Amino acid sequence: MASEPDLTESSAPSTAAISLTGVAAKMVKKGLLTQAAAEEINKTALQENRSFYLQCIEQNAVPVTKACEVVSEEFGIPMMDIDSMNTELSPLDLVPASLIEKHYILPLYLRDTRLFLGVSDPGNTVALDEVKFNTGLSVSLVLLDPRKLALALENILDKDSGVSLSDIVNEEGLDEIDLAEEVDEALEGALDLKIDTPIVRFVNKIVQDAIRRGASDIHIEPYETVTRIRFRIDGVLHDAINPPKGLIHKIIARLKILSQLDIAERRLPQDGRMKLQFSRSRTIDFRISTMPTLFGEKMVIRVLDTSAANLGLETIGMEPEQLQLYREAAEQPHGMILVTGPTGSGKTVSLYSALNVLNTVERNISSVEDPVEIYVNGINQVNVNERIGLTFGNVLRAFLRQDPDVVMIGEIRDLETAEIAVKASQTGHLVLSTLHTNDAPSSITRLVNMGIQPFNIASSVNLVIAQRLVRRLCDSCREPLDLKEEVLLDLGFEESELSGLEIYGAAGCSGCTGGYRGRTGIYEVMPMTPAISELVMTNCSTMDIDKQARIDKVATMRQSGLRKVAAGITSIEEVERVTAN
């Protein structure tokens, strides 16, 4: 895996005691940052030996698009969206691979003797000079989104390696590995991707392939005669490889070593974490869970890739009117916002998208989760550890003694947590949390069933959001479907919507997985209207709240999904899959 360069502005001074200039001053002038926030980011950037611009993106302090616009204007170079380019046509042979890996640059195209070079930070003059020297060409810079560029280059460089999981499985010596030697290595520190033994290469390749394909989980499963490794991509499991059964112990042992679990214990479940450094600026955490099964240990690895999480409110897939309700609730000085849905429905990203907007120097934000999955600078994040008494309730009590403005609770699981959350929302704090219910109205009755008094719910809850994730159709291969009007009406479309309606279905191509690429959310956003509040006070049923929500024009998740079908974003099958009762 290539290491990402340390892109720094060549003119950066050696101390933090400087006045703001250039990109920093321009961001303050445009109102993207306060003076105090910019000075703090600048101080961190100098300590980390990173440019101010890249530090802003690292801290999610400024939306990436806005930051790129400022840098483009400051350096006088154009910016482009790498998603609109076919990187397979890039003239990679013009620039030595060592320079591409060293500086994380992408040759875009050649015109006569001028090479257009995609960069993440135009302040990296060293990269520009080395490319000119090695190619003998004149170079023009094009600004690219740093995160998208890093992902694109990792895919390109990984493809160029030409090594597949099958190749490694067929290597000689894969069965000849002394795990005792690896134990000492693991205790010394993090994973070294340069260790060159077959089992290490195989495990590394599994993880790298999962990240390249955008997997959220890796499942390693033993059966009686075979072993299966699957990736969960866009919410659906897909086969990755079926390695020989004899390798399962070595694969799991290697991963246990990296996550500092007991390799000798195979009878009890274990939980752990590991961290992989894929480049200088990209570290990915993994949560490990083992479970003894009939034919050996099963392991599931959750990929906690913060860099892949897009934390912009505009990007999570809400309809304009839903997004407006969410913004208004998040801007309230107190009250509670609840996000509900099953595990893996994107609740955490939805909450952090709001926290990312609220994350300013003027606010004290604290979160308690089990575990923390997205790390954000500027938010005080705490991991629950019930074995030592660090429970949701204890952490929340401590938060309230630390002068918080915003509190995020990973999940309201019990009456104690619910009571503290309600009390905090009624005493001048904005509380954001998740629940596990099927829809927005049932979240209210869930709190009542926990033991919260209805009048406390009516006075504390501002907004309830229910959500699911649906797979996006691949733009390159989606195909139109010819459906009869009666079929569309049965699906839930209104007759007034049928004119000009074009429905697309999944096809499949080399650039996607089964006709889908990426996911987006569908939502039911229910504000606590006066009418719903009155119903809650009377301890009414979920059905009564649901009926009033429809009167208040609250769209169901299915209606939200059908809007995305009409827009060509997803398919009818996807909406049916996630909203079927």
Side-chain angles (χ1 to χ4, degrees), residues 329-330 332-343 345 347-348 350-351 354 366-371 382-402 404-467 524-549 552 554 581:
Q332 297 299 313
H334 56 80
M336 188 185 297
I337 298 174
L338 296 174
V339 180
T340 184
T343 301
S345 60
K347 300 186 297 296
T348 301
S350 292
L351 287 179
S366 298
S367 79
V368 52
E369 301 168 68
D370 183 21
V382 177
N383 263 323
V384 166
N385 188 341
E386 294 190 357
R387 286 179 296 179
I388 62 172
L390 195 65
T391 63
F392 277 105
N394 290 338
V395 174
L396 285 174
R397 290 189 188 92
F399 280 172
L400 297 179
R401 295 191 291 269
Q402 298 230 324
D405 296 298
V406 181
V407 174
M408 199 276 264
I409 306 169
E411 182 186 348
I412 294 178
R413 298 176 177 175
D414 50 45
L415 177 58
E416 180 189 25
T417 305
E419 286 180 335
I420 299 172
V422 168
K423 185 179 295 184
S425 68
Q426 293 173 333
T427 54
H429 308 92
L430 180 64
V431 178
L432 296 87
S433 185
T434 72
L435 278 174
H436 283 281
T437 60
N438 290 327
D439 53 31
S442 60
S443 297
I444 303 298
T445 51
R446 169 75 173 134
L447 291 176
V448 173
N449 292 337
M450 279 186 178
I452 302 299
Q453 293 298 322
F455 64 86
N456 279 330
I457 298 172
S459 63
S460 61
V461 175
N462 293 342
L463 188 73
V464 183
I465 301 170
Q467 68 178 76
E524 178 184 19
V525 181
M526 186 184 79
M528 185 64 72
T529 62
I532 292 177
S533 293
E534 288 183 13
L535 286 174
V536 173
M537 294 281 284
T538 62
N539 200 13
C540 65
S541 68
T542 298
M543 190 177 299
D544 293 329
I545 298 174
D546 183 77
K547 188 181 299 182
Q548 184 59 49
D552 292 338
V554 174
N581 294 325

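Keep in mind the model is a prediction, meaning the values are calculated, not measured.
At least one side-chain heavy atom of Leu463 sits less than 4.5 Å from a side-chain heavy atom of Val525. Considering only heavy atoms from C-beta on, Ile420 stays 4.5 Å or farther from Phe399 through its side chain. Residues Leu435 and Leu447 meet the side-chain proximity criterion, which asks for heavy atoms closer than 4.5 Å. Looking at Met336 and Met528, their side chains never come closer than 4.5 Å, going by heavy atoms from C-beta outward. Within the 4.5 Å cutoff, the side chain of Ile412 has heavy atoms near those of the Leu338 side chain. Residues Glu416 and Arg397 form a side-chain contact, since some pair of their non-hydrogen atoms from C-beta on lies under 4.5 Å apart. Inter-residue side-chain proximity for Val422 and Ile457 is flagged as unmet; no heavy-atom pair is nearer than 4.5 Å. Counting heavy atoms from C-beta on, the side chains of Ile444 and Ile532 never come closer than 4.5 Å.
Of all heavy-atom pairs between Ala421 and Ile409, the closest is CB-CD1, 3.6 Å. Thr437 and Ser443 get closest at one heavy-atom pair: OG1-OG, 2.9 Å. Of all the heavy atoms in Ala354 and Leu432, the pair that sits closest is CB-CD2, 4.1 Å. For the pair Pro404 and Val407, the tightest heavy-atom approach, listed with the atom from each and the gap, is CB-CG2, 3.9 Å. The heavy-atom pair separating Ala418 from Met450 by the smallest distance is CB-SD, 4.1 Å. Residue Gly341 comes nearest to His436 through the heavy atom pair O-ND1, 3.3 Å, listed as atom of the first residue, atom of the second, then distance.
With rounding to the nearest 0.5 Å, the separation of CD in Gln548 from CD1 in Ile545 is 10.0 Å. We find the CZ-OG1 distance between Arg446 and Thr340 to be 9.5 Å, quoted to the nearest 0.5 Å. For the atom pair CD1 (Ile337) and CG (Leu351), the distance works out to 8.0 Å, reported to the nearest 0.5 Å. Taking OG of Ser460 as the reference point, atom CD of Gln453 lies at 12.0 Å (rounded to 0.5 Å). Expressed to the nearest 0.5 Å, how far CD1 of Ile465 lies from CG of Asp439 amounts to 14.0 Å. The line from CE of Met408 to OG of Ser433 is 8.0 Å long, rounded to the nearest 0.5 Å.
In this structure, Glu524 contributes its side chain and Ala466 its backbone to no donor-acceptor pair below 3.5 Å. The backbone N or O of Gly335 sits nowhere less than 3.5 Å from a side-chain atom of His429 that would complete a donor-acceptor pair. Under a 3.5 Å cut-off, the side chain of Asp370 and the backbone N or O of Gly410 do not form any donor-acceptor pair. Put simply, the side chain of Gln467 gets close to the backbone of Ser345: a donor and an acceptor are under 3.5 Å apart. The backbone N or O of Pro342 sits less than 3.5 Å from a side-chain atom of Lys347, completing a donor-acceptor pair.
Counting only residues at least two apart or on different chains, the side chain to side chain donor-acceptor pair (under 3.5 Å) pairs with a member in residues 525-534 are Thr529-Asp552.
Between the side chains of Ser366 and Gln402, no donor-acceptor pair of N or O atoms lies under 3.5 Å.
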- Query: Could you walk me through whether Ile452 and Glu419 pass the side-chain contact (heavy atoms from CB on, under 4.5 Å) check?
  - Reply: CA-CA 7 Å; Ile452 302 299; Glu419 286 180 335; 3.7 Å; yes
- Message: Run Leu390 and Val395 through side-chain contact (heavy atoms from CB on, under 4.5 Å) and show every step you take.
- Response: CA-CA 6 Å; Leu390 195 65; Val395 174; 3.6 Å; yes
- Decide yes or no on side-chain contact (heavy atoms from CB on, under 4.5 Å) for Asn462 and His334, but give the supporting numbers first. CA-CA 9 Å; Asn462 293 342; His334 56 80; 5.7 Å; no
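For Glu386, the side chain to side chain contact (heavy atoms under 4.5 Å, CB included) criterion is met by Val384, Thr391, Arg413, not counting sequence neighbours.
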